[in-house]
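Here, residue 1 is the first one in the sequence, and each next residue gets the next number.
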Amino acid sequence: IKAEPISPHECADELFVSNPPKSKRAARGKAKPQKRVLKPAVADAFANRGCYCFFCSERYPQNLIMARLTRVRAALAQASPRLKAAQLEFLDADKIAAWANLHASAVAFVSAKLHLLPEEALRDWHAWSRDLEMTQYPFESNAYLDGHLQNLRQLLQGSKQIARVYGPSGVGKTRLVFEVFRPVTSGGTAPDVTLADTVVYFDLSTNPDNKIEAIQQIAETGMSGTLVVDNCSAAHHAKLTRFANLAGANFSLITIDYEEQQLPGKTVGVELDPARLGDIVQRILRKNPELKALTDDQVAHIARFSHGFPQIAVLMAQQRAAPTIQQLNELDFVKKLLWGRDPPDQAAFDLLQVLSLFTNVGAEGTVAGQLGFVRAKFTGFATNQQLRAKAARFQKLRVIQHAGDYWLVTPRPLAVALAASWWETATATQISDLLPELETNKLIDPLCQQLRVLTFSNRLTAITADLFGPN
C-alpha cells in the first residue's frame with residue numbers, strides 16, 4: 001500500500017527481503033551474487049496460490065501499470081522460474097475507486113472516513129459494533145438461537161438471499177442478527193470475518209426515505225454485500241424486496257421488525273419467540289456483576305416473570321420489583337410493543353389495562369360470560385362485538401394470547417404494570433361494590449393472583465387496607 005508514486009524498480013523491491021544475509025564467500029567477492037529472497041509472507045501467499053496486490057493512491061494509465069508489473073515479473077523469474085506464473089495485481093486510485101463502488105460495505109467505510117454522510121446513514125460492521133447495546137452484555141445463546149444463527153449464516157452463503165427476522169419489541173432481534181456476522185476474532189461465533197466484511201447496517205427509525213433511496217442506488221448500481229435493515233415495516237420490506245429482485249442487483253437482504261404479516265416472494269421468515277429464551281435470561285442475570293446477590297430461586301422467578309425479555313428482567317432484578325408502566329415507557333417498550341408506527345388508541349389501551357387486572361379472563365365457550373361482565377362493568381363498549389374488534393389488534397401482536405377458552409395479557413411484566421396503573425385511580429368503594437359480582441363470575445381468584453405481584457403499589461396497599469383491614 002503506497003500513498004505516493006512508486007517506480008517499477010520500487011515495485012519489484014517490495015516483494016523481496018531488503019538485505020538478504022551474505023555467505024562468507026560472497027562477502028569476500030569470491031561467489032556469484034545470491035538470488036533475491038522473497039519476504040516470508042509473500043512466499044507463503046504464492047505457495048497457497050494467492051495474489052500479491054499493489055494499492056497506490058496515484059493515478060496511472062494502463063501502460064505505466066503494465067510497466068510496473070512487467071518489472072516485478074522479471075524479478076520473480078530471476079529469483080525462481082516457478083514464480084513466472086505468480087498472480088499480480090496493481091490497483092491505482094481509479095481502480096481502487098471502481099472496486100470500492102462495487103461493494104456496499106466499502107462505500108460505507110469510505111463515506112464514514114471522509115465524512116461524506118451522517119454517521120448513522122449507512123454503517124459497516126465496525127461502525128455497527130460500536131453500538132453499546134450490541135456489546136454491553138455478553139451474548140447468551142441456546143439451541144434455539146444457535147439454530148437461527150446457523151440457518152442465517154447458511155442462507156447467506158448463497159447470493160441475493162432475503163430474510164426477515166421478526167418478534168416482539170425488546171426480545172433481542174437486532175442482537176441476534178448482529179451475532180450472525182460477529183467473527184470469532186471479535187468475540188462471536190462466525191468462523192471468519194467474511195460475512196462481517198460484507199455487511200452494511202441501516203436503521204429506518206430515522207430518515208427512512210433517504211436510506212430507502214440509498215438502498216435503491218445500491219441495487220441499481222449492482223453493488224454487492226449484505227444489507228441489514230432494522231425497524232423495517234412490512235411495506236418497506238416489500239419495497240426493498242423489489243429492489244433486491246431488480247436485474248443486476250447483487251445484494252442479500254435481512255430486515256428486522258416486530259411485524260411479520262405476509263412475507264413476499266422468496267423471503268425466509270425467522271421468528272424470535274420470547275417463550276424460548278427463559279434459560280438465556282437466567283444466564284444474563286447470573287453474569288451481571290450488579291446482580292450477584294440474587295439467589296437461584298430469585299433468578300428463576302425473574303426469568304419466568306419477564307417472559308423471555310432480557311431488558312425487563314435486568315430492570316426487575318435491579319429494583320427487586322416488577323417494573324411500573326412509567327419505567328416501561330422510559331424503555332420505549334410499551335409504545336413499540338402496543339402501537340408500533342401507529343398512533344396510540346386510548347380505548348384500546350383502556351381495554352388492555354382492564355384485562356390486565358386478572359391473570360386470565362374467560363372469553364370463549366362456557367366461560368365467555370367473564371368477558372361480558374368485564375365489558376359491562378369496566379369498559380365503555382356497548383357490545384361484546386365492539387370489544388372483540390378492539391382486541392383484535394392485540395391478538396394479532398400476541399399481546400392478548402389464548403390459553404384454551406381464556407384470554408391473558410402478555411408479557412407478564414406489561415400486564416402487571418398496566419394493572420398497577422389502573423389501581424392508581426381506583427377507590428375502595430368501587431372495588432367493594434364489585435366483589436359479589438366478581439365472585440359470582442369466578443373472577444376473584446384471577447384477580448387475587450394478579451394482586452399478589454403488585455406489592456410495589458402504595459395505592460393498592462391503601463385500598464386493600466380499607467377493604468380488609470391493615471393486616
Exercise. Looking at CG of N210 and CD1 of I212, how far apart are the two atoms once the value is rounded to the nearest 0.5 Å?
Worked result: 10.0 Å

Problem set entry | Within 6.0 angstrom of E10 CD, more than 12 heavy atoms from elsewhere | yes

Exercise. Does a side-chain N-to-carboxylate-O contact under 4.0 Å join R59 and D92?
Worked result: no

For this session: Verify side-chain contact (heavy atoms from CB on, under 4.5 Å) between V200 and T226, making sure each step is shown before the conclusion.
Result: CA-CA 6 Å; V200 176; T226 301; over 6 Å; no

Problem set entry | Derivation of the side-chain contact (heavy atoms from CB on, under 4.5 Å) call for F358 and Q450 | CA-CA 6 Å; F358 311 92; Q450 196 75 310; 5.9 Å; no

Problem set entry | salt bridge (charged side-chain N to carboxylate O under 4.0 Å, His left out) partners of residues 133-149, not counting sequence neighbours, each pair once | E140-R283, E140-K287

Exercise. Between R388 and E364, does at least one N-O distance fall below 4.0 Å, as a salt bridge requires?
Worked result: yes

Problem set entry | Donor on one side chain, acceptor on other, T255 and R164, under 3.5 Å | yes

Problem set entry | Close side-chain approach of F373 and F378, heavy atoms under 4.5 Å | yes

Exercise. Is there a donor-acceptor contact under 3.5 Å linking the side chains of T267 and H237?
Worked result: yes

For this session: Look at atom CD of Q395 and say whether more than 12 heavy atoms of other residues, nucleotides or ligands are closer to it than 6.0 Å.
Result: yes

Problem set entry | Pair R286-Q282, side-chain donor/acceptor within less than 3.5 Å | yes

Exercise. Once you round to the nearest 0.5 Å, how far does CZ of F90 lie from CZ of F55?
Worked result: 11.0 Å

Problem set entry | Nearest-0.5 Å distance that lies between atom CH2 in W339 and atom CG in D342 | 9.0 Å

For this session: Mind checking the CG-NZ spacing from L253 to K160? Nearest 0.5 Å is all I need.
Result: 12.0 Å

Problem set entry | Any donor-acceptor N or O pair under 3.5 Å, side chains K266, T241 | no

Problem set entry | Donor on one side chain, acceptor on other, S421 and Q353, under 3.5 Å | yes

For this session: Tell me yes or no: between the side chains of D124 and S105, is some donor less than 3.5 Å from an acceptor?
Result: no

For this session: Please say whether more than 12 non-hydrogen atoms of neighbouring residues, nucleotides or ligands are located less than 6.0 Å from NE2 in H126.
Result: no

Exercise. Are R393 and D345 within salt-bridge range, i.e. N to O under 4.0 Å?
Worked result: no

Problem set entry | Gap between atom CD of Q150 and atom CD of Q154 - 0.5 Å precision | 6.5 Å

Problem set entry | side-chain hydrogen bond (donor to acceptor under 3.5 Å, both in side chains) between K211 and T206, worked out | CA-CA 9 Å; K211 293 168 185 175; T206 59; 3.0 Å; yes

Exercise. Would S129 and R123 satisfy side-chain hydrogen bond (donor to acceptor under 3.5 Å, both in side chains), going step by step from the backbone distance to the final call?
Worked result: CA-CA 9 Å; S129 65; R123 295 189 285 170; over 6 Å; no

Exercise. Would you say the side-chain atoms of R452 and T359 include a donor-acceptor pair closer than 3.5 Å?
Worked result: no

Exercise. Just by distance, do the side chain of Y258 and the backbone of S233 share a donor-acceptor pair under 3.5 Å?
Worked result: no

Exercise. Can R175 be said to sit on top of F139's aromatic six-ring, NZ or CZ under 6.0 Å from centre and within 45° of the ring axis?
Worked result: no

